[in-house]
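Everything below concerns the one structure shown next.
Positions are given from 1, in the same order as the sequence printed here.
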Amino acid sequence: MTIYAPSDFNELREMLEARLRAPFGVAAIRYPRGGEPEFKAPRVKHNGYSIFGDGNSTTCIVTYGTLTAEAVNACLELSDFGIKADVLKLDIIWPLPKEVILLLMNYKNVLFFEEGILSGGIAEKVGFMLMESGYKGNYKATAVTGFVKQASVSVQKRNNNLDKDSIIRLVKEVNGLEQ
């Protein structure tokens with residue numbers, strides 16, 4: 001089964017249209033509640049993933065879906081502190097594009113933010129694949145680890161350290177700029 005994870009309504013439309021033109025196999029499109037997030041940044045699209053940034057950073061933030069906006073906006077703010085980070089956005093979260101692991105091997109810090117459960121989630125799978133590939137850098141996964149009580153999307157993101165400010169804090173920490 002192919003699982004798509006659009007980050008905004010435009011990507012949602014593109015993915016739906018692509019599946020309608022090539023209706024083979026089983027597919028799912030994961031689009032969580034909360035509406036369309038706001039972010040504007042240039043990206044380079046690849047087969048199954050997108051890159052925000054120039055690839056010359058030591059830190060890569062990996063995410064998918066609507067958390068992309070949080071990650072991209074965090075990177076824009078981090079640049080004010082002189083910290084460069086790239087964002088690797090998974091357009092297809094399963095099966096994981098093979099190039100993703102090869103690309104991540106080039107980073108000193110890989111930080112995965114997932115608004116799904118940590119145990120058995122994509123972040124855990126990526127961490128395992130990196131380990132199997134001999135990754136020697138720093139890998140951290142932030143995802144949901146317990147029962148999620150009813151609240152707004154923004155409160156849920158903040159409570160689970162998946163908001164822009166939490167991303168900024170972790171990137172600063174791994175780059176030796178603890179607050």
Enclosure of D80 CG (heavy-atom neighbours >12, cutoff 6.0 Å): yes
Co-membership, hydrophobic cluster, residues V62 and V126, 4.5 Å side-chain: yes
Side-chain donor or acceptor of N175 paired with backbone N/O of L177 under 3.5 Å: no
Contact check, side chains of L88 and I61, non-hydrogen atoms, under 4.5 Å: no
Beyond-backbone contact of L12 with Y4, side-chain heavy atoms, under 4.5 angstrom: no
L78 CG to I168 CD1 distance, which is reported to the nearest 0.5 Å: 5.0 Å
Any L103 side-chain heavy atom under 4.5 Å of Y49 side chain: yes
Distance, nearest 0.5 Å, that separates CZ of R30 from CD1 of I3: 9.5 Å
Sidechain N-carboxylate O distance under 4.0 Å for E77, K172: no
F113 with L76, same ILVMFWY side-chain cluster at under 4.5 Å: yes
Salt-bridge criterion met for D165 and R158 (N-O under 4.0 Å): no
same_hphob_cluster(I101, V44) at 4.5 Å side-chain heavy-atom cutoff: no
Single-linkage hydrophobic cluster L111~I117, side-chain heavy atoms < 4.5 angstrom: no
Heavy-atom closest contact (G116 atom, A143 atom, distance): O-CB, 3.3 Å
Candidate pair D163 and S154, rule side chain to side chain donor-acceptor pair (under 3.5 Å), full reasoning: CA-CA 8 Å; D163 63 324; S154 61; over 6 Å; no
Qualifying residue, where the test is side-chain contact (heavy atoms from CB on, under 4.5 Å) with F112 and the options are T142, L90, L118: L90
Pairwise side-chain contact, I92 with T2, heavy-atom cut-off 4.5 Å (strictly under): yes
Side-chain heavy atoms of E115 within contact of K157, under 4.5 Å: yes
Pair K108-N138, side-chain contact (heavy atoms from CB on, under 4.5 Å): steps then yes or no: CA-CA 6 Å; K108 177 182 174 186; N138 181 27; 5.8 Å; no
Co-membership, hydrophobic cluster, residues V155 and V148, 4.5 Å side-chain: no
Test item: side-chain donor near acceptor, Y139 and N109, under 3.5 Å: no
Exercise: identify the closest heavy-atom pair between A85 and C75: O-SG, 3.5 Å
Residues E11, K89: salt bridge by 4.0 Å N-O rule: yes
Nearest-0.5 Å distance, CG of residue L130 to NZ of residue K136: 12.0 Å
Distance (rounded to the nearest 0.5 Å) between S133 OG and F128 CZ: 9.5 Å
Evaluation steps, side-chain contact (heavy atoms from CB on, under 4.5 Å), between D91 and M15: CA-CA 9 Å; D91 299 329; M15 290 174 183; 3.8 Å; yes
4.5 Å side-chain heavy-atom contact, R43 and I51: no
Spacing of CG belonging to N106 relative to OH belonging to Y135, to within rounding of 0.5 Å: 9.5 Å
K140, NZ: over 12 other non-hydrogen atoms inside 6.0 angstrom: no
P95 to M1 - nearest heavy-atom pair and separation: CD-O, 3.8 Å
T59 side chain near K84 side chain, heavy-atom distance below 4.5 Å: no
Closest approach of S7 to G65 (non-hydrogen atoms, all atoms of both residues): CB-O, 3.2 Å
Closest contact, heavy atoms only, L162 versus E114: CD1-O, 3.6 Å
Main-chain N/O of G120 paired with E124 side-chain donor or acceptor, under 3.5 Å: yes
Atom pair CG/CZ of L16 and R19 - distance to nearest 0.5 Å: 10.5 Å
side-chain contact (heavy atoms from CB on, under 4.5 Å) evaluation trace for Y107 with D86: CA-CA 10 Å; Y107 289 93; D86 295 331; 2.6 Å; yes
Y64 and I122, any side-chain heavy atoms less than 4.5 Å apart: yes
Atom of T63, atom of L67 and distance for their closest heavy-atom approach: OG1-CB, 3.2 Å
